[in-house]
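Structure first, then comments.
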Amino acid sequence: MPQSAEKVLDHAPLFREPEYRKMLAKKKLKFECPHPDKTVSAQRKFTETWGYREKNLAREALVVNPAKACQPLGAVFAAAGFERTMSFVHGSQGCVAYYRSHLSRHFKEPASAVSSSMTEDAAVFGGLKNMVEGLANTYTLYDPKMIAVSTTCMAEVIGDDLHGFIENAKNEGSVPPDFDVPFAHTPAFVGSHIDGYDSMVKGILENFWKSTERVQTPALVNIIPGFDGFCVGNNREIKRLLDTMGVTYVFIQDASDQFDTPSDGEYRMYDGGTKIEDVKAAKHAEATISLQHYNTRKTLDYCREVGQTTASFHYPLGIAGTDEFLMKISELSKREIPEAIDRDRGRLVDAMADSQSWLHGKKYGIYGDPDFVYAMARFVMETGGEPTHCLATNGTAAWEAEMKELLATSPFGGGAQVWAGKDLWAMRSLLLTEPVDLLIGNSYGKYLERDTDTPLVRLTFPIFDRHHHHRFPLMGYQGGLRLLTVILDKIFDRLDQETMELGVTDYSYDLTR
């Protein structure tokens, strides 16, 4: 055997060894009932045609590899952005393991969450007992300052009432009567992770705001970042901009420290997060701004109900996106945009001009959450690129209309197509029939890269097969510079791959680009 104590192989080279190749071939023949290679090849060729594309895009009853996750994942991520908050998911252990795994694989940090461990009996008789015992264990074992409760499919299908269950648990002494246990119903069979995020943030604000009077604090601004796999870099960059301007603000749901803890000999189950006292004070803010509109629709409605001015953006990156954000902040905070930030802007414009010859006319396929796709399409057009395919599985008709309005503002958006509700199998047909130069999305796009030979730029959640991307910002002018660099690196990497044969493809010996 190639594997031994003296020679430990990673799985990739291990499964290339002869005995493993033989074993896998035998397993395929015996258990997979494979069709003849000729039939498979013919079918594969058919899936690359326009005829198959039309059938694929007309598909309604089946979803294949959607570019979204379920509501409870968003709720767990939302809870991680508040001080000493433990996420409590009312459902089965397996569901919670998925949320924790997804977050920890992306951020390369432990992601804490607990479960009420519902099983078959709870599905029949309800999960009240699980809630009572689970809250008691969570409070005793993990010493949280707040427990944020969300739900999975099982709890929603049988109709468990979170408010009633939590009150019963408090009456039975699971947690003190005045202990904060905000909650959100997050059925996983509808919506997506951005809806779960929205419901949980709204639930937490309601928990602290519903029984207090509002006394407006002029020029105090709340910032809600939205579900963001790049929160570590983005939140810090946004706060740097706000601090440079001298803005008084509350950053609501700040997970940047929770998912970027240092290695200094101390384990931190909780780190950073918006302080509970700041959440309470946030009710008195003059305005609440969301960095991602589709992530926070219910929350912004609630903020307006309590009397706040609200504004929302579509993931402010690039020139125009950052300009709009900073001008709105300046208006609400009565603070001028300082020269230091103007110079950041100028440097990004200069960098874009320096690289114009390599970016102009490039075609892109973009997928992800609605706000991210909007922001990326806008940025691509700023560089002279064409966002040919714009896809959001969790996009709505309203998002589709907004996208088309955006694309109409630039000649580079003239040939673009917007696909709300479609999945990555649909994107495969789009790439094969109308090829592009670059694909922008998450790690799941690597299979599209292999199938369609479209270089993938990983720029949104989740990123499992690369490390530390989330530590650098995409938002703001500094984030735009990082974004520009990542895209250009992919362009140059592909050029190097295509010019490796000396004297044949590598005829210019090019080192200056």
Side-chain angles (χ1 to χ4, degrees), residues 66-116 138 142 144 146-153 184 186 188 191-201 203-204 224-236 252-263 267-274 291-292 295 368-369 371-372 394 441-444 458-474:
K68 67 171 186 175
C70 60
Q71 284 205 50
L73 174 67
V76 170
F77 175 81
F82 293 90
E83 177 189 16
R84 294 191 66 83
T85 297
M86 177 58 73
S87 186
F88 182 106
V89 185
H90 187 44
S92 68
Q93 291 183 13
C95 293
V96 181
Y98 154 62
Y99 314 139
R100 294 180 62 188
S101 170
H102 233 56
L103 292 169
S104 64
R105 287 162 65 201
H106 173 83
F107 289 108
K108 310 303 184 235
E109 293 281 348
S112 298
V114 298
S115 164
S116 60
T138 303
Y142 302 114
M146 178 167 71
I147 300 174
V149 180
S150 55
T151 53
T152 65
C153 297
T186 53
S192 73
H193 56 286
I194 64 174
D195 301 295
Y197 176 94
D198 192 8
S199 295
M200 180 53 74
V201 173
I204 290 172
I224 305 177
F227 187 103
D228 185 11
F230 279 70
C231 66
V232 172
N234 281 338
N235 290 8
R236 291 170 182 169
I252 294 175
Q253 201 279 312
D254 180 11
S256 56
D257 288 340
Q258 179 65 39
F259 290 121
D260 191 31
T261 57
S263 289
Y267 170 67
R268 296 167 174 83
M269 178 170 286
Y270 313 102
D271 199 15
T274 307
L291 303 186
Q292 297 191 67
N295 285 240
D369 290 338
D371 294 295
F372 171 80
N394 47 1
N442 59 30
S443 283
Y444 289 105
R458 295 161 174 81
L459 286 171
T460 190
F461 181 91
I463 299 175
F464 295 147
D465 56 344
R466 298 291 186 273
H467 288 204
H468 311 305
H469 287 213
H470 63 278
R471 300 180 192 272
F472 301 93
L474 299 180

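Counting from 1, the numbers follow the sequence of the chain as shown.
Of all the heavy atoms in Q71 and S192, the pair that sits closest is CG-O, 3.2 Å. The minimum heavy-atom distance between R84 and Y142, with the atom names listed, is NH2-O, 4.2 Å. For the residue pair G196 and T186, the shortest heavy atom distance occurs at CA-CG2, 4.0 Å. Summarising the geometry of N235 relative to P225, their closest heavy-atom pair is OD1-CB, 3.7 Å, with the distance given to 0.1 Å. Closest approach of L103 and L73 over heavy atoms only: CG-CD1, 3.9 Å. Of all heavy-atom pairs between P462 and N442, the closest is O-CB, 3.1 Å.
Salt bridge status for R268 with D257: absent, with no side-chain N to carboxylate O gap under 4.0 Å.
Looking only at atom types and distance, the side chain of D371 has a donor-acceptor partner in the side chain of N295 under 3.5 Å away.
Atoms CG and OG1, on D254 and T274 in that order, are 5.5 Å from each other to the nearest 0.5 Å. To the nearest 0.5 Å, the span separating CZ on F107 from CZ on R471 amounts to 10.0 Å. Distance check, rounded to the nearest 0.5 Å: OG1 of T152 to NE2 of H90 gives 8.0 Å. Rounded to the nearest 0.5 Å, atoms SG (C231) and CD (Q253) are 7.0 Å apart. Rounded to the nearest 0.5 Å, atoms OG (S256) and CG (D271) are 9.0 Å apart. Atom-to-atom distance recorded for T151:OG1 and F88:CZ is 11.5 Å, nearest 0.5 angstrom.
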Evaluation steps, side-chain contact (heavy atoms from CB on, under 4.5 Å), between Y270 and S112:
CA-CA 9 Å; Y270 313 102; S112 298; 5.9 Å; no
Would R466 and S443 count as a side-chain contact (heavy atoms from CB on, under 4.5 Å) here? Give the steps.
CA-CA 8 Å; R466 298 291 186 273; S443 283; 5.9 Å; no
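Using a 4.5 Å heavy-atom cutoff, the side chains of D228 and D369 are not in contact. Side chains of M86 and M269 form a contact here, defined as non-hydrogen atoms less than 4.5 Å apart. Side-chain contact between P72 and Y98 is absent, with no heavy-atom pair separated by less than 4.5 Å. The shortest distance between side-chain heavy atoms of I204 and M146 falls below 4.5 Å.
Centroid-to-centroid, the aromatic rings of Y197 and H193 stay 6.0 Å apart or farther.
Applying the side chain to side chain contact (heavy atoms under 4.5 Å, CB included) test between V96 and each of S116, S115, S101, S87 identifies S115 as the sole match. Among F461, F77, F464, F227, the one residue that satisfies the ring-ring contact (aromatic ring centres under 6.0 Å, His included) test with H106 is F461.
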